[in-house]
Amino acid sequence: MPRYVRKRAVAFASAVLVLCVIAACSNNNTGSPVNETVATTPSNGAPVPATFGDIVQGLDAPWSITFYKDTPLVSERDSGKILELVHDSDGHYSARVMARLDEVDAGGEGGLLGLTVLDNTLYAYFTSSNDNRIERFTIRGNPGSLSLGRAESVLNGIPKASNHNGGRIAFGPDKKLYATTGDAAKTSNSQNRSSLAGKILRMEPDGSVPDDNPFEGSLVYSYGHRNPQGIAWDSAGTLFASEFGQNTWDELNIIEAGGNYGWPIVEGIENRDGLVAPVQQWSPSEASPSGMAIIGDRIFIANLRGQRLWIAPTSDPSDSREAFTSKHGRIRDVVKAPDGSLWILTNNTDGRGDPQDGDDRIIRVDVENLD
């Protein structure tokens with residue numbers, strides 16, 4: 001499929017804000033408070049502008065953003081902390097630690113990765129000393145003082161490695177929990193349907209296998225993946241996923257139940273019987289895609305090595321363009337906020353970036369300004 005990329009300069013005016021106050025908590029993955037505070041002070045205290053601006057600064061290797069009602073929650077990969085962003089009447093946000101997951105064993109690309117929320121329950125994907133796993137926690141308290149109940153296992157035994165751990169989790173329109181898993185640096189895992197690695201998994205909220213999964217008795221929804229880290233659904237319920245390639249092509253895929261996406265047999269767009277080809281591809285130097293979001297009829301994809309936001313219409317994902325190229329460094333996640341804006345999470349403090357003053361940060365963008 002041909003690629004057509006339109007490059008457009010994106011005009012913006014940024015303003016920084018926020019007092020970032022971090023107060024830690026947790027014991028055995030519960031969320032019990034302890035006395036620990038860390039503070040960073042931005043250059044000014046201006047409220048978040050309506051068009052573009054920093055939501056919060058001073059994050060440490062952040063990985064994922066989700067929302068509990070209107071309250072943003074952020075994971076920090078290496079520290080194992082889950083942050084609550086607290087909003088005051090002047091439009092400022094501060095960050096406090098609502099929990100630290102003590103079982104997180106960070107190293108390489110592993111650690112505390114994806115977060116998602118269903119009702120009053122937080123789900124977390126993380127690397128432990130033995131595996132990658134998903135646990136869930138009841139969210140307690142009110143905004144500004146949220147905490148977590150004790151951990152309940154949803155799924156364990158996902159192969160881990162120093163790289164290719166996947167880690168994105170989200171609930172689909174069908175209220176099933178989807179999880180992306182990497183091949184754990186063992187390419188044969190991806191084609192092995194008995195392995196949980198190199199897959200997109202689909203499960204009930206308690207981790208059990210849905211009756212309508214494509215392979216009887218299996219959590220595997222699609223396979224042949226190398227290291228997918230982004231999933232999102234459009235208004236028609238179509239599932240899109242972003243995926244790291246190796247040396248040649250990174251991918252954007254439309255996910256079909258039971259589909260084989262080719263790794264390690266193929267990389268990028270190559271039509272072969274029995275394999276599902278990507279709908280878009282980029283060179284790793286321009287992409288290395290991680291989190292993604294769909295707002296309206298557009299797909300927004302965060303990119304690490306490419307240090308840009310790729311934007312593509314859901315109707316024709318091959319017609320993509322870029323924004324913010326080299327403006328904010330590595331971008332790990334993008335998410336649709338409750339007000340319809342796009343939140344961008346940078347990832348320059350993860351050991352592979354070049355941190356600027358204030359990194360890492362969350363930036364708010366009105367998507368109308370990306371037209």
Side-chain angles (χ1 to χ4, degrees), residues 63 77 105-111 113-114 125-134 153-169 177-203 207 209-210 213-231 239-284 287-290 304-305 352:
W63 209 92
R77 187 193 67 186
D105 184 27
E109 297 174 3
L113 304 177
Y125 183 119
F126 65 89
T127 310
S128 75
S129 59
N130 300 313
D131 58 10
N132 287 305
R133 57 182 59 185
I134 302 171
S153 177
V154 175
L155 177 66
N156 55 29
I158 303 169
K160 61 170 280 190
S162 61
N163 55 11
H164 302 186
N165 291 292
R168 195 70 57 188
I169 53 176
L177 177 63
Y178 291 74
T180 72
T181 68
D183 66 9
K186 184 178 179 181
T187 59
S188 60
N189 283 334
S190 297
Q191 292 294 319
N192 178 4
R193 294 211 311 263
S194 296
S195 172
L196 295 176
K199 309 295 188 297
I200 294 178
L201 307 176
R202 178 177 182 260
M203 64 199 81
V209 179
N213 265 13
F215 306 110
E216 185 176 0
S218 173
L219 294 174
V220 174
Y221 190 71
S222 63
Y223 64 107
H225 298 288
R226 182 175 181 270
N227 192 22
Q229 285 191 5
I231 48 177
L239 173 57
F240 291 82
S242 61
E243 181 167 341
F244 290 86
Q246 182 165 272
N247 297 315
T248 309
W249 296 115
D250 293 332
E251 300 178 357
L252 176 63
N253 290 292
I254 292 178
I255 302 302
E256 303 171 3
N260 181 353
Y261 287 80
W263 178 255
I265 303 166
V266 298
E267 180 182 351
I269 296 172
E270 186 173 333
N271 293 316
R272 292 202 190 185
D273 290 345
L275 304 181
V276 184
V279 294
Q280 175 61 294
Q281 62 185 18
W282 305 274
S283 68
S288 301
S290 189
L304 294 163
R305 182 178 169 192
R352 296 185 177 181

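Computed from a prediction, not measured in an experiment: that's the story for all the values here.
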Engineer: Less than 4.5 Å apart, any side-chain heavy atom of Pro278 and any of Leu252?
Structural biologist: no

Engineer: Between Glu243 and Pro289, which heavy-atom pair has the shortest distance, and what is it?
Structural biologist: O-CG, 3.5 Å

Engineer: To the nearest 0.5 Å, tell me how far Gln280 CD sits from Phe240 CZ.
Structural biologist: 11.5 Å

Engineer: Can you tell which of Asp183, Thr187, Asn227 makes a side chain to side chain donor-acceptor pair (under 3.5 Å) with Trp263?
Structural biologist: Asp183

Engineer: Between Tyr125 and Arg133, does the side chain to side chain contact (heavy atoms under 4.5 Å, CB included) criterion hold? Intermediate values first, please.
Structural biologist: CA-CA 6 Å; Tyr125 183 119; Arg133 57 182 59 185; over 6 Å; no

Engineer: I need the single residue from Ile169, Asn213, Ile134 that forms a side-chain contact (heavy atoms from CB on, under 4.5 Å) with Met203. Which is it?
Structural biologist: Ile134

Engineer: So which heavy atom on Ala277 is nearest to which on Asn271, and how close?
Structural biologist: CB-OD1, 3.8 Å

Engineer: Looking only at atom types and distance, does a side-chain atom of Thr181 sit under 3.5 Å from a main-chain N or O of Leu196, one as donor and one as acceptor?
Structural biologist: yes

Engineer: Does a donor on one side chain and an acceptor on the other come within less than 3.5 Å for Thr127 and Arg77?
Structural biologist: no

Engineer: Check Glu267, Glu251, His164 against Arg226 for a side chain to side chain donor-acceptor pair (under 3.5 Å) and give me the one that passes.
Structural biologist: His164

Engineer: Does any part of the side chain of Tyr261, heavy atoms only, come nearer than 4.5 Å to the side chain of Ile200, both counted from C-beta?
Structural biologist: no

Engineer: Has Lys160 got a side-chain atom pairing as donor or acceptor with Ser128's backbone, closer than 3.5 angstrom?
Structural biologist: yes

Engineer: Return yes if some donor-acceptor pair links the side-chain N/O of Ser129 with the main-chain N/O of Asp105 below 3.5 Å, else return no.
Structural biologist: no

Engineer: Counting only N and O atoms by type, is there a donor-acceptor contact under 3.5 Å from the side chain of Lys199 to the main-chain atoms of Ala179?
Structural biologist: no

Engineer: Taking Asp131 for its side chain and Pro159 for its backbone only, find out whether a donor-acceptor pair lies under 3.5 Å.
Structural biologist: no

Engineer: With side chain to side chain contact (heavy atoms under 4.5 Å, CB included) as the criterion, how do Glu109 and Arg352 come out once you've worked through the C-alpha distance, each side chain's angles and the decisive distance to 0.1 Å?
Structural biologist: CA-CA 10 Å; Glu109 297 174 3; Arg352 296 185 177 181; 3.2 Å; yes

Engineer: Could you state the interatomic distance from CZ (Phe215) to OG (Ser194), rounded to the nearest 0.5 Å?
Structural biologist: 11.0 Å

Engineer: Are any non-hydrogen side-chain atoms of Leu155 and Leu201 less than 4.5 angstrom apart?
Structural biologist: yes

Engineer: Below 4.5 Å, heavy atoms only, C-beta onward: do Arg168 and Ser290 meet side chain to side chain?
Structural biologist: yes

Engineer: In the structure I gave you, are the side-chain heavy atoms of Gln191 and Pro264 within less than 4.5 Å of one another anywhere?
Structural biologist: yes

Engineer: Run through Thr180, Asn260, Ile255 and flag the one making a side-chain contact (heavy atoms from CB on, under 4.5 Å) with His225.
Structural biologist: Ile255

Engineer: Do the side chains of Arg305 and Phe244 get nearer than 4.5 Å, heavy atoms only?
Structural biologist: no

